[in-house]
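This report refers to the structure that appears directly beneath it.
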Amino acid sequence: MGKKQYPDAAAALEGLLFDGMQICAGGFGLCGIPERLIDAICDAGTKELTIASNNAGIDGEGLGKLLRTKQVRKMISSYVGENKEFERQYLAGELEVEFCPQGTLAERCRAGGAGIPGFYTKTGVGTLVADGKEVKSFDGQDYILERGIFADLAIIKGWKADESGNLIFRKTARNFNQPMATAAKICVAEVEEIVPVGSLDPDCIHLPGIYVKRLVLGAPYDKKIEFRTTRPREAA
């Protein structure tokens, strides 16, 4: 077993979890979410979490599991989506939510990972997004200051990785996983397949292994569909 590879998600997270921590979680809806790592956090009972993620999965799936068990104190998200428990907790004042435009959220994580503490953007100027934020004029136009995000832990989902943690994402599952991976003190990745070093084309690597500190094989997976749409079968 490689130095970075752990036997399961619980082992990969051992010693990293504590109450009140901040986590960057990759994924978009149910696509490219670190399912095994989320389950392990749920089982660990770690609470008062602040989680930066595009959304919080759906009821009972993805980060929705952590909402259901009341382990999340705050979500930094761009989309509530179809998660009724997310909506209920927010409206009831049980969950703090920092709504963030989707592109801004991605850039906040990328900036945090690059050591950039803040940046100015036009997105949100003149809206509730700008409330309480510094506004500065550049070339006669207003921009708001957004802070970079740098968490205690990043949990991501990849497709293939070698034993050194060099990682490839599959198609749209790349989504938030790549910027989230760099935006934390330590990144733990779960993947569908782990291959020997040298098996992957260096030109095809999406995330260099230097960012991945711990690695776990999550397969096999059940493919979950967020919206299942069907139509009546046509008569022969």
Side-chain angles (χ1 to χ4, degrees), residues 9 12-13 16-42 44 46-90 94-113 123 129 146-158 167 169 172-191 207 211-212 218 221 224 226:
L13 292 172
L16 302 180
L17 302 178
F18 58 92
D19 292 347
M21 70 185 301
Q22 182 170 347
I23 297 174
C24 280
F28 187 101
L30 296 181
C31 177
I33 60 173
E35 299 176 42
R36 306 292 180 248
L37 294 171
I38 291 171
D39 286 344
I41 294 171
C42 189
T46 314
K47 57 185 185 295
E48 294 293 307
L49 299 172
T50 295
I51 301 181
S53 175
N54 177 69
N55 59 299
I58 61 175
D59 293 297
E61 297 293 346
L63 292 173
K65 294 180 178 180
L66 296 176
L67 288 176
R68 182 182 58 195
T69 53
K70 303 291 186 68
Q71 290 173 250
V72 183
R73 180 187 68 81
K74 177 180 178 180
M75 287 294 306
I76 304 174
S77 296
S78 66
Y79 183 55
V80 174
E82 305 303 312
N83 194 321
K84 297 299 183 184
E85 181 61 14
F86 191 156
E87 177 185 26
R88 188 200 67 74
Q89 288 187 25
Y90 171 59
E94 300 172 6
L95 175 71
E96 184 180 349
V97 178
E98 181 181 333
F99 282 117
C100 183
Q102 196 168 83
T104 300
L105 179 60
E107 179 60 14
R108 288 179 68 187
C109 292
R110 189 209 66 81
T123 305
V129 172
E146 292 282 4
R147 294 296 305 272
I149 293 175
F150 193 76
D152 299 298
L153 172 69
I155 55 173
I156 66 168
K157 163 73 183 305
L167 195 149
F169 301 105
T172 57
R174 191 169 177 176
N175 51 56
F176 275 84
N177 280 298
Q178 190 168 19
M180 293 296 191
T182 68
K185 296 174 184 175
I186 187 167
C187 171
V188 181
E190 70 173 74
V191 295
L207 182 69
Y211 291 110
V212 178
Y221 291 93
K224 297 179 176 66
E226 187 167 357

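Note that these values count all heavy atoms, side chains included, but never hydrogens, waters or copies made by symmetry.
Side-chain contact check for P101 versus V129: some heavy-atom pair is nearer than 4.5 Å. Contact annotation: the side chain of L95 approaches that of F86 to within less than 4.5 Å [non-hydrogen atoms, C-beta and beyond]. When side chains are defined from C-beta on, I76 does not count as touching I51, because their heavy atoms never get closer than 4.5 Å.
Taking both residues in full, the closest heavy atoms of A52 and I149 are given as CB-CD1, 4.3 Å, listed atom of the first, atom of the second, then distance.
The backbone N or O of G32 sits nowhere less than 3.5 Å from a side-chain atom of N175 that would complete a donor-acceptor pair. For the pair R36 (side chain) and G218 (backbone), a donor-acceptor distance under 3.5 Å is present. A side-chain donor-acceptor contact under 3.5 Å links S53 to the backbone of N55.
When the side chain to side chain donor-acceptor pair (under 3.5 Å) test is applied to N54, the partners found at least two apart in sequence or on another chain are S78, Q102. Evaluation of the side chain to side chain donor-acceptor pair (under 3.5 Å) rule for E87 yields no partner, not counting sequence neighbours. Shown here are the side chain to side chain donor-acceptor pair (under 3.5 Å) partners of T50, two or more places apart in sequence or in another chain: R73. Partners of E48 by salt bridge (charged side-chain N to carboxylate O under 4.0 Å, His left out), not counting sequence neighbours: none found. Here I33 pairs with L30, E35 under the side-chain contact (heavy atoms from CB on, under 4.5 Å) rule; sequence neighbours left out. Not counting sequence neighbours, the partners of K74 by the salt bridge (charged side-chain N to carboxylate O under 4.0 Å, His left out) test are E96, E98. Residues passing the salt bridge (charged side-chain N to carboxylate O under 4.0 Å, His left out) test with R110 are E107, sequence neighbours excluded. Residues passing the side-chain contact (heavy atoms from CB on, under 4.5 Å) test with P34, sequence neighbours excluded: L37, I38, I155, K157, E190. Partners of Y90 according to the side-chain contact (heavy atoms from CB on, under 4.5 Å) rule, which considers only residues two or more places apart in sequence or in another chain, are V97, F99. When the side-chain contact (heavy atoms from CB on, under 4.5 Å) test is applied to A189, the partners found at least two apart in sequence or on another chain are I156, L167, V212, L215.
Atom CD in E85 sits 12.0 Å away from atom CG in L66 (nearest 0.5 Å). Taking SG from C187 and CG from L16, the interatomic distance works out to 11.0 Å, rounded to the nearest 0.5 Å. Here the CG-CG distance, from L49 to D152, works out to 10.0 Å after rounding to the nearest 0.5 Å. Put simply, CG on N177 and SG on C109 are 11.0 Å apart, with the number rounded to the nearest 0.5 Å.
With a 6.0 Å radius and a threshold of 12 heavy atoms from other residues, nucleotides or ligands, F169 has its CZ atom above the threshold. No more than 12 heavy atoms of other residues, nucleotides or ligands sit less than 6.0 Å from atom CZ of R147.
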Distance-only check: which donor-acceptor pairs under 3.5 Å involve side-chain atoms of residues 21-29, not counting sequence neighbours?
none

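Listed by first then second residue, pairs satisfying side-chain hydrogen bond (donor to acceptor under 3.5 Å, both in side chains) with a partner in residues 57-69 read D39-K65, T69-Q71, not counting sequence neighbours.
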- Take L153 and L17 through the side-chain contact (heavy atoms from CB on, under 4.5 Å) test and state the conclusion after the steps. CA-CA 8 Å; L153 172 69; L17 302 178; 3.9 Å; yes
